[in-house]
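Naming: A, B, ... by sequence-line order, numbering from 1 per chain. The structure displayed is predicted, hence computed values, not measured ones.
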Number of protein chains: 2
Amino acid sequence: MSDFGKYFREKREALSKKGKGLSLRYVSKEIGVDPGYLSKIERGVFAPPSENLIIKMAEIIDEDKDVLLALAGKVSSDLHIIIKKRPKLFGQLIRQLKDAPDNAIFSLVREVQDGDW
Amino acid sequence: MSDFGKYFREKREALSKKGKGLSLRYVSKEIGVDPGYLSKIERGVFAPPSENLIIKMAEIIDEDKDVLLALAGKVSSDLHIIIKKRPKLFGQLIRQLKDAPDNAIFSLVREVQDGDW
DNA sequence: TAGAGTGTGTAGTACTTACTCAACATATGT
DNA sequence: ACATATGTTGAGTAAGTACTACACACTCTA
């Protein structure tokens, strides 16, 4: 179903061949889980793990955490917190940007970056 | 802990006295749950219910669903979906707006409203 | 004084999430 | 041939989520 595991495995194996010894067992030790568990996650036998683990996994394969979380069907909890503080405002903004092209959102990001309040 | 139940009860009782017969039992029937369950939710004995129920509850007391969901510690799943489609972009934007004043976000909303892409 | 309507307390449960443990199989290097 | 490393399998589980069922107690009206 989800491409989460597949994506992670591919990236891990790619890095593994590039010198980094990222074996499944090594990674499982690094992030503190049972190798069998990780094996099942990578093959899609098990659902993606908790947010904490996903973030560790992202760091290891040098991937953006939001991207990996999204592949796992999740949204980072720090974004949650931000949205929940002003639900109406953020709700409106995000829904409005639903169908906006990437570059429109991107220019908003840049605009806000330079914003002086 | 959460003000969700308290908030809902207060609003329900306020409306109840304004003519609308919003008794706990009536509401529980409307949204399709056991009265005892709703009673416990309102008093904070039980955690807030599922998203679906919260949305029904919001409609009944005529409250914004994002606001009630936020009180329940949740973010609407339609926002989730939007964010997950472009996690990096939205992640960046939202984090950048974390400490922006309300009116700055609001003016973004309006800007986007008139946006022509 | 009976019935209807209101809220509450106790108990239980089905389902999901997020894992662990230990044994097994296969390949790799020495 | 042996140790070591690698991935896999099956079984089990503790804790959380999202509720239901139903008996109880009070109040208010006809």
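- Reading DNA chain C from its 5' end, the first and the last nucleotide to sit under 4.0 Å from a heavy atom of chain B are C:dT6 to C:dT10.
- Among the heavy atoms of the strands, none lies under 4.0 Å from A:V45.
- Using a 4.0 Å cut-off between charged side-chain N and carboxylate O, A:E30 and A:K56 make no salt bridge.
- Axis angle across the helix from C:dT1-D:dA30 to C:dT30-D:dA1, with five pairs used at each end and values rounded to 10°: 0°.
- Map B:P35 and A:L53 each onto its nearest nucleotide of DNA chain C; the residue landing nearer the 5' end is B:P35.
- A:S76 and A:D78 form a side-chain donor-acceptor contact under 3.5 Å, judged by distance and modelled atom types alone.
- The pair A:R12-A:E42 counts as a salt bridge, with a side-chain nitrogen and a carboxylate oxygen less than 4.0 angstrom apart.
- Within 4.0 Å of A:K29, counting heavy atoms only, lies no atom of the nucleic acid at all.
- Across all strands, A:F46 comes closer than 4.0 Å to base atoms (heavy-atom distances).
- Picking from D:dA21, D:dA11, D:dT8 the nucleotide with the shortest atom distance to the side chain of A:K40 gives D:dA11.
- At a threshold of 4.0 angstrom between heavy atoms, the contacts of B:G32 are confined to the sugar-phosphate backbone, with no base atom among them.
- Under the salt bridge (charged side-chain N to carboxylate O under 4.0 Å, His left out) test applied with B:D66, the options A:R95, A:K88, A:R86 reduce to a single match, A:R95.
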Task: Trace of the side-chain hydrogen bond (donor to acceptor under 3.5 Å, both in side chains) decision for A:S39 with A:R43 - done: CA-CA 6 Å; A:S39 168; A:R43 284 170 298 129; 2.9 Å; yes

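- Taking the nucleotide of DNA chain C with the nearest heavy atom to each of B:S23 and B:R43, the more 5' of the two is matched to B:S23.
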